[in-house]
Amino acid sequence: MNEQKVAILAVLTAALLVPAHRELAAQIASKLDAGQFTVNDGTVPSSALRLAPTFEYQTPYATLTAHGSAFVTEQSLQIADGVLSGTFTSPTVYGVRAEMIGNASRAVDERSLGTDQVDVQTRVHVLFHQRGGLWLGGGVARPWRVAVISSADVADAGAWTKVGGATFTATFTNFSFTKVASVHDTASSALSCAVATSGTVPGAASAMRFVADDAAASSACERQSRFSDLEGSVHWELGALELNAQSGYRFGDSYDVTPDSRRWSSATATVWLSDRVAVIGGGGRQPALPLRGLPARTFFMGGLELAYWPISHNTIPVSLPHATLLKSFDLRPAEQGLEKIVIHVGGVETVEVMGDFSDWTPLTVTRHGRDLWELALPLSPGVHQINVRVDDGPWMAPPGLPTMHDSYDRDVGLLVVKDNKS
Amino acid sequence: MKRSSLRSLPLRAGALLCLAAVPAVAQETDPFNKLDPNNRFSIELMIDSARNAGLPSDALRSLALEGIALKIDGKRIVDRVRREFTLLRTARTTLGPVSDEEVKAAAAVLNAGAKPAQLAAFKTREQGRSDLQAFTIWADLITRGVPSEEASSAISKLWEDGADDAIFYGLWKSVQTDISQGLNPGAALQNRIRETPVRTPQSKGAPPEG
């Protein structure tokens, strides 16, 4: 069964890594986080300069992401982890979208070879007019070089809603897997083996099977583990300020949930100094991630985010090509007598405009900074009809412009271009 | 057949295919080819008529192209182009010798629901003064639900009082904010028009430069 799961994992992950056909709308995005990072989990220097680059290859319905982090100390550069992700999102049909997510990751620990994990998840989202939604999902994860020795079944459900500039999200995720509990392992594992051996906890022994045919037989046992995470989070945007906060609780018996992972909370604040530079600060507690072999940790961080081709970050748990996310629309004079259309829109992958000036043929707007999109056009003086759309969604009148119903009963924006010569 | 002729046969066939493909490609690039021949003829006739009448024919062409891009039925496109032709002619007749851009903007106001007589206030204007912004705001207000009479009255009054583009834009921003907060569109305009500053006749015109 495990081999079958791993084979399915490999095929699905490979399929996700194949670039989508819509190359024309593809974009490269990237960012680099650099700053001081203080952590107390013992796997990395307690306080060090952390570098975390991220690259994304985005198409309207598929995204490939590569992310890593490393710690720079006086002596060396220590790689901490690397993650390769692929996401495929279907078009929305009657408010329903499907999403497939594949991840391959390695967490590097200087005390060992590191741990690896491949996981695949599918989700079905139900959207309510882009103001809220629900999702139900499931998947399978396969870790290596951790105490978890089987594939893990992962099931999750969630809900989100947007209120003003804030997005609230609640998720419930259940993990189920087999792990090795060793007397040489963590305190809780040692306890579970010891308890199972003595049989003092009713039912505990039945969930465990002693490993009896190898050298570790005397000191390890297998256990079917299960725990669930309930987490609430909020993302709030207020001008140049972005706040993220999350808090969670882990359900499960004491053999599966260590006391330091029972509750957690963390928060980060990002202040954008320009379209490409932000200051980030935050801290809190993160729970252990058994599938990745990462212990619970308390962290504090402060630093800069540099983004030449900024990554659009959806504030909600699914990309919404039909969402009305346009923040502003401006027209500015450009070089050589052109007019530059400047659009601020967050969390999208493509922006297009069309109007009488293009004979109603869509023109692709180019991303130039965080949430900043620009297009220079030869617009003659006068009133032009113009519409804009994001991520292949419906055409709409740009914000901040007068509108009217045109001859085909559609709303169009009215752009007044003044004659600079007069 | 000679051996050399046989050898060159594929070459000739290829050349012929290429030559045949050139006009086909050219035809594909003309969006009007997507129209039924009768509808296309009607639209081209109206565009020619507009040009001969001194009307901005590009507005009719753009309207037809928009319809084609939206995959609107050909007969409906012809109807809309015919209606636009009428609106442009009415605007030209009402405003007199103004620029094509102003005629197009005035036609948009008429399309939104204003009456031709309400354009009369814009027939006279100071040298260099443009009514494009006023027409744009006017069309928007009617679209947002402001009664046509009230919108026309307010915009005409501001125009006669010498309001500039910034005043029209400021009025529009205020009214649309009020409407988006749930205020009745007509009441929103009436409230805001009272607060809108206008230049008095004595203070008209910018101070001399230099």
Side-chain angles (χ1 to χ4, degrees), chain A residues 131 164-165 324 326-333 339 352-364 377-389 392-422, chain B residues 30-32 56 58-73 76-77 79-84 87 99-109 111-113 127-144 165 168-169 171-173 175-176 180:
Chain A
R131 301 305 303 173
T324 307
L326 290 168
K327 292 174 186 165
S328 70
F329 181 98
D330 291 311
L331 187 68
R332 296 173 191 166
E339 301 286 337
E352 294 168 291
V353 294
M354 74 171 181
D356 52 14
F357 50 87
S358 70
D359 285 347
W360 297 97
T361 302
L363 303 174
T364 302
L377 285 170
L379 289 175
S380 60
V383 180
H384 292 280
Q385 295 182 5
I386 183 171
N387 270 355
V388 61
R389 73 172 172 181
D392 291 339
W395 290 99
M396 56 190 149
L401 288 188
T403 57
M404 67 168 211
H405 296 315
D406 71 359
S407 296
Y408 301 109
D409 301 322
R410 297 186 316 145
D411 280 347
V412 291
L414 298 172
L415 187 62
V416 179
V417 179
K418 290 174 182 159
D419 189 353
N420 294 326
K421 292 171 195 161
S422 64
Chain B
D30 183 357
F32 276 27
D58 60 315
L60 303 183
R61 183 175 178 278
S62 174
L63 192 57
L65 290 174
E66 183 188 3
I68 293 167
L70 294 171
K71 297 185 172 59
I72 304 282
D73 175 65
R76 192 174 166 216
I77 296 175
D79 286 346
R80 293 298 184 264
V81 171
R82 183 175 291 121
R83 183 164 186 269
E84 182 72 9
L87 294 174
S99 72
D100 283 356
E101 295 306 322
E102 287 170 294
V103 171
K104 285 193 277 185
V109 176
N111 186 46
Q127 182 76 24
R129 191 177 177 204
S130 168
D131 49 17
L132 292 179
Q133 188 78 57
F135 285 156
T136 303
I137 302 305
W138 189 352
D140 175 276
L141 292 176
I142 297 175
T143 302
R144 283 178 198 273
D165 286 358
F168 280 111
Y169 188 76
L171 171 71
W172 171 74
K173 285 290 282 183
V175 172
Q176 67 121 357
S180 67

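In what follows, chains carry the letters A, B, and so on, assigned in the order in which the sequence lines appear, proteins first and then strands, with residues in each chain numbered from 1.
Of the listed residues A/T361, A/D411, A/L401, A/D356, the one with more heavy-atom pairs under 4.5 angstrom with chain B than any other is A/L401.
Annotation: the span from B/L65 atom CG to A/M354 atom CE amounts to 11.5 Å, rounded to 0.5 Å. Rounding to the nearest 0.5 Å gives a distance of 9.5 Å between NZ of B/K104 and CD of A/Q385. In this structure, OG on A/S407 lies 6.5 Å from CZ on B/R83, to the nearest 0.5 angstrom.
Neither the backbone nor the side chain of B/A59 comes within contact range of chain A; no heavy atoms are under 4.5 Å apart. Both the backbone and the side chain of A/V383 come within contact range of chain B, each with at least one heavy atom under 4.5 Å from a heavy atom of that chain. Using a 4.5 Å cut-off between heavy atoms, B/L132 touches chain A through backbone and side chain atoms alike.
Put simply, the side chain of B/E101 does not reach to within 4.5 Å of the side chain of A/P381, judged on heavy atoms. At least one side-chain heavy atom of B/I77 sits under 4.5 Å from a side-chain heavy atom of A/Y408. Taking the side chain as every heavy atom from C-beta outward, B/D165 and A/K418 approach each other to under 4.5 Å. Taking the side chain as every heavy atom from C-beta outward, B/R61 and A/D359 approach each other to under 4.5 Å.
Judged purely by atom type and a 3.5 angstrom limit, B/D140 uses its side chain to pair as donor or acceptor with the backbone of A/T403.
With sequence neighbours excluded, the residues that form a ring-ring contact (aromatic ring centres under 6.0 Å, His included) with B/W172 are B/Y169. With sequence neighbours excluded, the residues that form a salt bridge (Lys or Arg N to Asp or Glu O under 4.0 Å) with A/R410 are A/D406, B/E66.
Using a cutoff of 4.0 Å between basic side-chain nitrogens and carboxylate oxygens, A/D409 and B/R76 are scored as salt-bridged.
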